[in-house]
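Here is the structure we will look at.
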There are 2 protein chains.
Amino acid sequence: MVIAVKVTIADVAEKAGVSKTTVSRILNGNYDHNTPETIKTVLKVVKELEYRPNALAKGLKSMKTNVIGIVLSNFRNEFWFNVLEGVEDTCKDEGYNLMICNSDGDPKLEEQYIKEFQMRQVDGIVINPTVRNQPLYEKLVTDKYPMVVINRKIPGLHANNVVVDNIKGGYMAANHLLENGREHILAITYKNENISTWQERIKGYQEALISNGLTEDSFYLLEIENIRVANKQIKEYLLDNPMIDGVFSTNNMLTLELIEALKKLDKKVPSEVGIVGYDDTIWSKHIHPPLTTIKQPAYDIGKESAKLLIREIKSKELTTIKNIIFQPELVARESSKEIE
Amino acid sequence: MVIAVKVTIADVAEKAGVSKTTVSRILNGNYDHNTPETIKTVLKVVKELEYRPNALAKGLKSMKTNVIGIVLSNFRNEFWFNVLEGVEDTCKDEGYNLMICNSDGDPKLEEQYIKEFQMRQVDGIVINPTVRNQPLYEKLVTDKYPMVVINRKIPGLHANNVVVDNIKGGYMAANHLLENGREHILAITYKNENISTWQERIKGYQEALISNGLTEDSFYLLEIENIRVANKQIKEYLLDNPMIDGVFSTNNMLTLELIEALKKLDKKVPSEVGIVGYDDTIWSKHIHPPLTTIKQPAYDIGKESAKLLIREIKSKELTTIKNIIFQPELVARESSKEIE
DNA sequence: ATGAAAGCGCTAACAA
DNA sequence: TTGTTAGCGCTTTCAT
């Protein structure tokens, strides 16, 4: 049995009878000035000794780690896993590794994690911002720390941004319900004044109503305090507003609660209430009735975000800030079927 | 505006008028031998300069990074996200950061990722093994590389292992169906000869049938080649075996396909066919009819795995290998309701 | 074509 | 109580 001993470049050099420099050069593909024999022996010794470069030492010299970090605000939503898969795939393709953490929506935690990433000399970060850390984000920008802000907009922040057109998404949802004969459409969203995602989806909803000739009097908006009270809030709202015949849910967790609430109240979908949800989750088409959703290209968002970040990391010159806006898509199913 | 410049311990030392050693000591809490004034000035300068230690340099010295790596085989299953959340929470509590990658079930990729983790001097790894890399796993064990194998057993491998009792899970599922009047119970699983997870769930299913007085003639087993053909395979099987009145699905993705197939065949759940699925996913109780499932404590699995790993990392002496077995739980809902 | 030596930022013996 | 120095494993300039 071989006792595990860490083998360094010096061991390789010694055994191969050359200098560390030579080994380093060969390992890094600077073949140009080396004898074929030297190359061969060195490579052979590397194999024999199972030498693996120490990334720490390498990084210390070059101040590059080939690691990017991602700060998510939530591990409970399928959407983020698809994003993550995209990010991970890009990392694999580009030779990066991925550090991940979960701010859980807490700005303090977010700040701490970002600082840890920086201490670890992570080459750049992808972040779904809590939006409560404006000064921190600003600092990252002025420090020219490679960064991509994802899924949310931070007002006034001059940073790479990858988002989906949420106004459009909201518009499509509400418009679809109107087209299918609904007249009193409720929009359900999380209560959070600062998050562009929710604001925009609601804005789109409002625009759809207006462009269909309705007025502000026809806006029905329910803001959920948090997921735990969602069910209760929704039931109460629907009881107080029995005219509601269509619901646009801006979040897939809330959609599940909505369905639950409707079932409890014995309101039939779609005959009495039509539903459009957000995010075409894996279960959307399997629930009863199959759910009409606004689909977001989560995987591509992740993929492009990481690509954008790595592009910025690699480019020596100043890269211009880039703004990628993906388009949502309506997937029509039974839950929003036309009222006969 | 301040130009971003990386400030090192030397900068702090100089500005504070002390040596690097002193700064280092104070930063690491070795206050014991320092003047209160020294401490105060140093800390003040650290603040002013916004000094952040370079984790690379630190790690190079100590050969410890306070990073653990996790190798998942799948980013598409809610189960893993709950596991991940548990891991991440433990990391946060214990001051570790997390690197993540996705082997996607590919042994080659898995091996590459593990080696990368090692090059990065990751302190330890959590892995859901592809099971096709036996020599690699053995080597990690003999090298005493801190590791926790999760969710699957590797035969003969003397490593920390955190799993759920899958035999019990399979048993509970089948037994529950029998208790509720089902007589011809199909078990659906992925075709993969080597994965303990599937084998054990099927074993439990068989044990349940036998202990209920049935014989091997009553075993109905469908092995799915891959998720894309699942629907087709299931439909064909059910057509060929119309006596099936109960189905145990060993995986939540397959369950969705199963439901789809039953709908297509116009078989009513639970009146004609009773269903028990695996993993109490977020949508289980919302689909139609609400799904009876075998629930696994995914979050706790993640949490305990990371704790176990970090315990091993921190312990100087040889730790004894630990084997944690979680118990599954049956969540009874409508999909398996008794035949009247 | 190859090597010696300096140095990345930090810690820790050892000295003072 | 504090500082000097060596060195973690690697890359890279500058010699040769």
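By convention in this document, chain letters (A, B, ...) are assigned in the order of the sequence lines, proteins followed by strands, and residues within each chain are numbered from 1. Below, each value reflects all heavy atoms present in this structure, side chains not excepted, and no hydrogens, waters or symmetry copies.
- Evaluation of the salt bridge (charged side-chain N to carboxylate O under 4.0 Å, His left out) test over residues 121-134 of chain B, restricted to residues two or more places apart or in two chains, returns B:Lys64-B:Asp123.
- B:Ser24 and B:Thr21 share no side-chain donor-acceptor pair at under 3.5 Å.
- For the helix from C:dA1-D:dT16 to C:dA16-D:dT1, the terminal axes (five pairs an end, C1' atoms, rotation from four pairs onto the next four) enclose an angle of 40°, given to 10 degrees.
- Scanning DNA chain C 5' to 3' for nucleotides with an atom closer than 4.0 angstrom to a non-hydrogen atom of chain A gives a first and last hit of C:dA1 to C:dG9.
- Taking for each of A:Arg25 and A:Ala10 the nucleotide of DNA chain D with the nearest heavy atom, the 5'-most of the two is the partner of A:Ala10.
- In this structure A:Glu304 satisfies the salt bridge (charged side-chain N to carboxylate O under 4.0 Å, His left out) test together with A:Lys307, sequence neighbours excluded.
- A:Lys40 pairs by the side chain to side chain contact (heavy atoms under 4.5 Å, CB included) definition with nothing, not counting sequence neighbours.
- Shown here are the side chain to side chain contact (heavy atoms under 4.5 Å, CB included) partners of A:Ser73, two or more places apart in sequence or in another chain: A:Ser103, A:Asn128, A:Arg152.
- Not a single salt bridge (charged side-chain N to carboxylate O under 4.0 Å, His left out) links B:Glu14 to another residue, sequence neighbours left out.
- Judged as a salt bridge (charged side-chain N to carboxylate O under 4.0 Å, His left out), and not counting sequence neighbours, the contacts of B:Lys44 are B:Glu48.
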Every protein N/O within reach of nucleotides 5-9 of chain D N/O, cut-off under 3.5 Å:
unit_1: D:dG7; atom_1: N2; unit_2: B:Lys61; atom_2: NZ; d: 3.2
unit_1: D:dG9; atom_1: N2; unit_2: A:Ala57; atom_2: O; d: 3.3

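- For the side-chain hydrogen bond (donor to acceptor under 3.5 Å, both in side chains) test, residues two or more places apart in sequence or in another chain that qualify with B:Thr130 are B:Glu110, B:Tyr137.
- Regarding B:Asn30, its CG atom lies at a distance of 13 Å from the P atom of D:dT1, rounded to whole Å.
- In this view, B:Gln121 and A:Asn54, A:Leu56, B:Met63, B:Thr65 satisfy the side chain to side chain contact (heavy atoms under 4.5 Å, CB included) rule, not counting sequence neighbours.
- Among residues two or more places apart in sequence or in another chain, the side-chain hydrogen bond (donor to acceptor under 3.5 Å, both in side chains) test is passed with A:Arg76 by B:Glu85.
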